[in-house]
Amino acid sequence: MEVIIKEDYEEISRLAAGIIAGMVRRSPRAVLGLATGGTPVGCYRELVRMHREEDLDFSQIVTFNLDEYVGLPEDHEQSYHRFMWDNLFSHINVAAANVHIPDGNAGDLHEACNDYEMELDEHGGVDIQLLGIGSNGHLAFNEPGSSLGSRTRIKTLTERTRQDNSRFFSTLDEVPKYCVTMGVGTIMESGKLLLLANGGNKAEAIAAAVEGPITASVPASAIQFHPDVTVIMDRAAASKLTREYHSQPHFLEGDKE
Ligand code: F6R
């Protein structure tokens, strides 16, 4: 696992966007796994800049999002459909037909979850999965206690997550109680994982995920099983880590010389 500690949110966002852009340039038909929430906003802003100023081309890129609330209309201000279009898709040249976000309004949610897994399979799986982390250690919306082998399914949000996300809603009551989320097992099949964290309220969760035992009580700790993980965070999120880490990717092409 590569753990990189940056000075601030801008640096995290630029490095993360650079890694994703590298994948897009190397593999123009790559499948990007995408996340929502406050953490990836800066990364998406930087990808939009690269599209506008550096011709970063998303025309053949396929995307799969991690999760969606159950019962929020797609055009609701806080739906993850809306989030993705507002923060990224409307500003780049991704084809709408290549965008996949779990349907939190499907008549048969179980069937929709199975279909999502099948569609992901048909596209050959995610090449690079962008992730945030919950203050309680959740990965996507796999809350503590989620099976580490789980697949896309309906989950109940914990009170902690609803509290955390209530900052985006007018009242706590408005925060949905249920969601549809890729499973930990689904996420673990991605070619590469890129987990971002900023702020002191993520410090405990990051320490547990990166240095703690692998346990369903901290679903994000499952990343320790994955052979290709990069975790990028700021000093506040890193404040409870105890091992030695670096501020740059540990091997750059120039290092060969
Ligand atoms: C969002 C998701 C969640 C968030 C996590 C952190 O698609 O899967 O796991 O990454 O709740 O949210 P923020 O970034 O708002 O702190």
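Whatever order the structure lists ligands and atoms in, that order sets their numbers, starting from 1.
Scanning the protein for heavy atoms near atom 14 (O) of ligand 1, the closest one is Thr39 OG1, 2.4 Å. In terms of protein heavy atoms, atom 1 (C) of ligand 1 is closest to Thr36 OG1, 3.2 Å. Of all protein heavy atoms, the one lying nearest to atom 9 (O) of ligand 1 is Ala140 O, 2.7 Å. Looking only at heavy atoms of the protein, atom 6 (C) of ligand 1 is closest to Ile133 O, 3.3 Å. Among protein heavy atoms, the minimum distance from atom 2 (C) of ligand 1 is reached at Asp67 OD2, 3.3 Å. Nearest protein heavy-atom neighbour of atom 11 (O) of ligand 1: His138 NE2, 2.6 Å. Of the protein's non-hydrogen atoms, Gly132 CA, 3.3 Å is the one closest to atom 10 (O) of ligand 1.
Glu143 does not count as a contact of ligand 1, since none of its heavy atoms falls under 4.0 Å from the ligand.
In terms of polar-atom proximity, Asn165 is not counted as a contact of ligand 1, lacking any N or O under 3.5 Å from an N or O of the ligand. Residue Leu139 has no nitrogen or oxygen atom sitting less than 3.5 Å from a nitrogen or oxygen atom of ligand 1, judged on distance alone. For ligand 1, one of its N or O atoms has an N or O atom of Arg167 under 3.5 Å away.
Side-chain contact between Met84 and Leu34: present, with at least one pair of heavy atoms (C-beta onward) separated by less than 4.5 Å.
Between Glu159 and Arg162, at least one side-chain N (NZ, or NE/NH1/NH2) sits under 4.0 Å from a carboxylate O, which counts as a salt bridge. With respect to the salt-bridge test (charged N to carboxylate O, under 4.0 angstrom), the residues Arg235 and Glu7 qualify. A salt bridge is absent between Lys240 and Glu211: the closest approach of a Lys/Arg side-chain nitrogen to an acidic carboxylate oxygen does not fall below 4.0 angstrom. Using a 4.0 Å cut-off between charged nitrogen and carboxylate oxygen, Glu189 and Arg151 count as a salt-bridge pair.
Here Phe89 contributes atom CZ and Thr63 contributes atom OG1; the two are 3.5 Å apart, rounded to the nearest 0.5 Å.
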